[in-house]
Amino acid sequence: MDLAGQAAPGASDSTRVVLVEKDKVGSGASGRNGSMCTQGITISTAEARKRYGQERARELYDAFRDAVDVVEEITRTEKIDCDFHRAGRLDVAAKPRHFEAMRAKQRDLAENFGHETQLLTRGKLKSELSSDFYHGALLDPDSAVLRVGK
C-alpha cells in the first residue's frame with residue numbers, strides 16, 4: 001500500500017495497512033507507548049453517561065473491554081512475541097477522598113457496566129507494595145501489558 005492508499009501490485013484488496021513513522025519503524029510512538037492495554041474509557045463513567053446516555057456509554061466501555069480481548073487473541077493466534085500478560089491495572093489513592101471516590105467507582109462499574117474490579121484497603125495495599133503511603137487502590141484485573149518494542 002502506498003501513501004496514497006493504493007494497493008501494491010498483486011496485493012489483496014481485503015487488507016490495507018499503512019504505517020507512518022517519522023524515522024525508522026519503532027522509533028516513534030509505535031515503539032514508545034506505555035505498553036498498557038487497559039479497560040475503560042478516558043472520561044469518567046458519570047461523564048460518559050452525561051454526554052451519551054447510559055446505553056451508549058456502556059457500548060463504548062464494552063468496546064474497550066473487547067479491544068483488550070482482541071489484542072490478546074491476535075497475539076496468540078499470530079504468535080506475536082510481545083509478552084502480552086493480563087497483569088491488571090492499579091489506580092492508587094494518594095488521599096482518603098480518592099479512596100472514597102474509588103469505592104463509588106467500583107460500585108458504578110459493577111452496577112452499570114458489568115465490570116468487576118477489586119477495592120484494596122490501605123492494609124492490603126501495604127502488603128502488596130510494602131508501603132503505607134497510599135490510602136488504598138482500585139484493581140482492574142482484566143487489563144494487560146505488552147512489549148510493543150518486541
Side-chain angles (χ1 to χ4, degrees), residues 1 5 12 14-150:
M1 173 87 46
S12 167
S14 64
T15 302
R16 294 183 177 187
V17 176
V18 175
L19 177 62
V20 179
E21 286 280 6
K22 181 178 177 186
D23 296 312
K24 71 178 191 173
V25 173
S27 67
S30 65
R32 292 189 179 164
N33 72 36
S35 300
M36 299 300 298
C37 195
T38 59
Q39 310 279 332
I41 51 183
T42 58
I43 59 176
S44 71
T45 53
E47 180 62 26
R49 272 195 298 281
K50 180 179 170 185
R51 286 187 195 179
Y52 311 115
Q54 175 60 39
E55 185 177 340
R56 182 69 177 139
R58 173 73 187 254
E59 288 173 359
L60 293 170
Y61 196 88
D62 288 347
F64 271 85
R65 292 172 67 186
D66 293 345
V68 178
D69 294 338
V70 168
V71 171
E72 182 176 33
E73 177 66 20
I74 290 170
T75 60
R76 185 176 52 251
T77 59
E78 299 296 323
K79 297 179 176 65
I80 298 172
D81 180 20
C82 64
D83 300 335
F84 182 93
H85 178 67
R86 295 273 183 160
R89 175 183 168 170
L90 189 67
D91 290 329
V92 295
K95 298 179 180 180
R97 72 173 189 259
H98 296 163
F99 187 65
E100 290 309 312
M102 287 176 178
R103 190 181 307 277
K105 180 179 181 179
Q106 181 193 34
R107 269 192 314 274
D108 185 30
L109 288 172
E111 293 171 4
N112 297 306
F113 294 87
H115 187 74
E116 296 297 327
T117 57
Q118 298 170 17
L119 200 61
L120 304 177
T121 63
R122 185 179 209 155
K124 176 66 176 168
L125 191 58
K126 181 178 180 178
S127 71
E128 294 290 326
L129 301 180
S130 298
S131 170
D132 61 359
F133 179 80
Y134 299 106
H135 295 269
L138 187 63
L139 173 64
D140 173 0
D142 295 332
S143 290
V145 295
L146 62 146
R147 291 180 56 193
V148 296
K150 283 184 82 177

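The model shown is predicted, which means the values in this text are computed figures rather than measured ones. Along the sequence shown, residues are numbered consecutively beginning with 1.
When all heavy atoms are compared, the tightest approach of L125 to Y134 is CD2-CB, 3.6 Å. The nearest pair of heavy atoms linking D91 to K105 is OD2-NZ, 4.0 Å. Heavy-atom minimum distance, A94 versus H135: O-CD2, 3.2 Å. Heavy-atom minimum distance, Y52 versus A57: CB-N, 4.2 Å. In plain terms, the two heavy atoms of Y61 and Q39 that are nearest each other are OH-CB, 4.4 Å.
Without hydrogens or angle criteria, T121 side chain to G136 main chain gives no donor-acceptor distance under 3.5 Å. A side-chain donor-acceptor contact under 3.5 Å links R122 to the backbone of D132. Here the side chain of T75 pairs no donor or acceptor atom with the backbone of I80 at under 3.5 angstrom.
Here M102 contributes atom CE and L109 contributes atom CG; the two are 11.5 Å apart, rounded to the nearest 0.5 Å. A distance of 4.5 Å separates CD of Q54 from CG of N112, quoted to the nearest 0.5 Å. One distance of note links NZ of K124 with CG of L129; it measures 10.5 Å at 0.5 Å rounding. Considering OG1 of T117 and CG of D108, their distance stands at 10.0 Å, rounded to 0.5 Å. We find the CG-CZ distance between D142 and R89 to be 13.0 Å, quoted to the nearest 0.5 Å. Annotation: the span from R51 atom CZ to I43 atom CD1 amounts to 4.0 Å, rounded to 0.5 Å.
A heavy-atom distance below 4.5 Å is found between the side chains of M36 and V145. Put simply, the side chain of F133 does not reach to within 4.5 Å of the side chain of V92, judged on heavy atoms. With contacts defined as side-chain heavy-atom distances shorter than 4.5 Å, the pair D83/L146 does not qualify. A heavy-atom distance below 4.5 Å is not found between the side chains of F64 and T38. Taking 4.5 Å as the limit, some side-chain heavy atom of V68 sits within range of a side-chain heavy atom of R86.
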Problem set entry | salt bridge (charged side-chain N to carboxylate O under 4.0 Å, His left out) between R58 and D62, worked out | CA-CA 6 Å; R58 173 73 187 254; D62 288 347; 3.1 Å; yes
Problem set entry | Verdict with supporting geometry, R76 and E73, salt bridge (charged side-chain N to carboxylate O under 4.0 Å, His left out) | CA-CA 5 Å; R76 185 176 52 251; E73 177 66 20; 2.4 Å; yes
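In summary, the side chains of H115 and D140 do present a donor paired with an acceptor at a separation below 3.5 Å, with no hydrogens or angles considered.
Between E100 and R103 there is a salt bridge, since a side-chain N of the basic residue sits under 4.0 Å from a carboxylate O of the acidic one.
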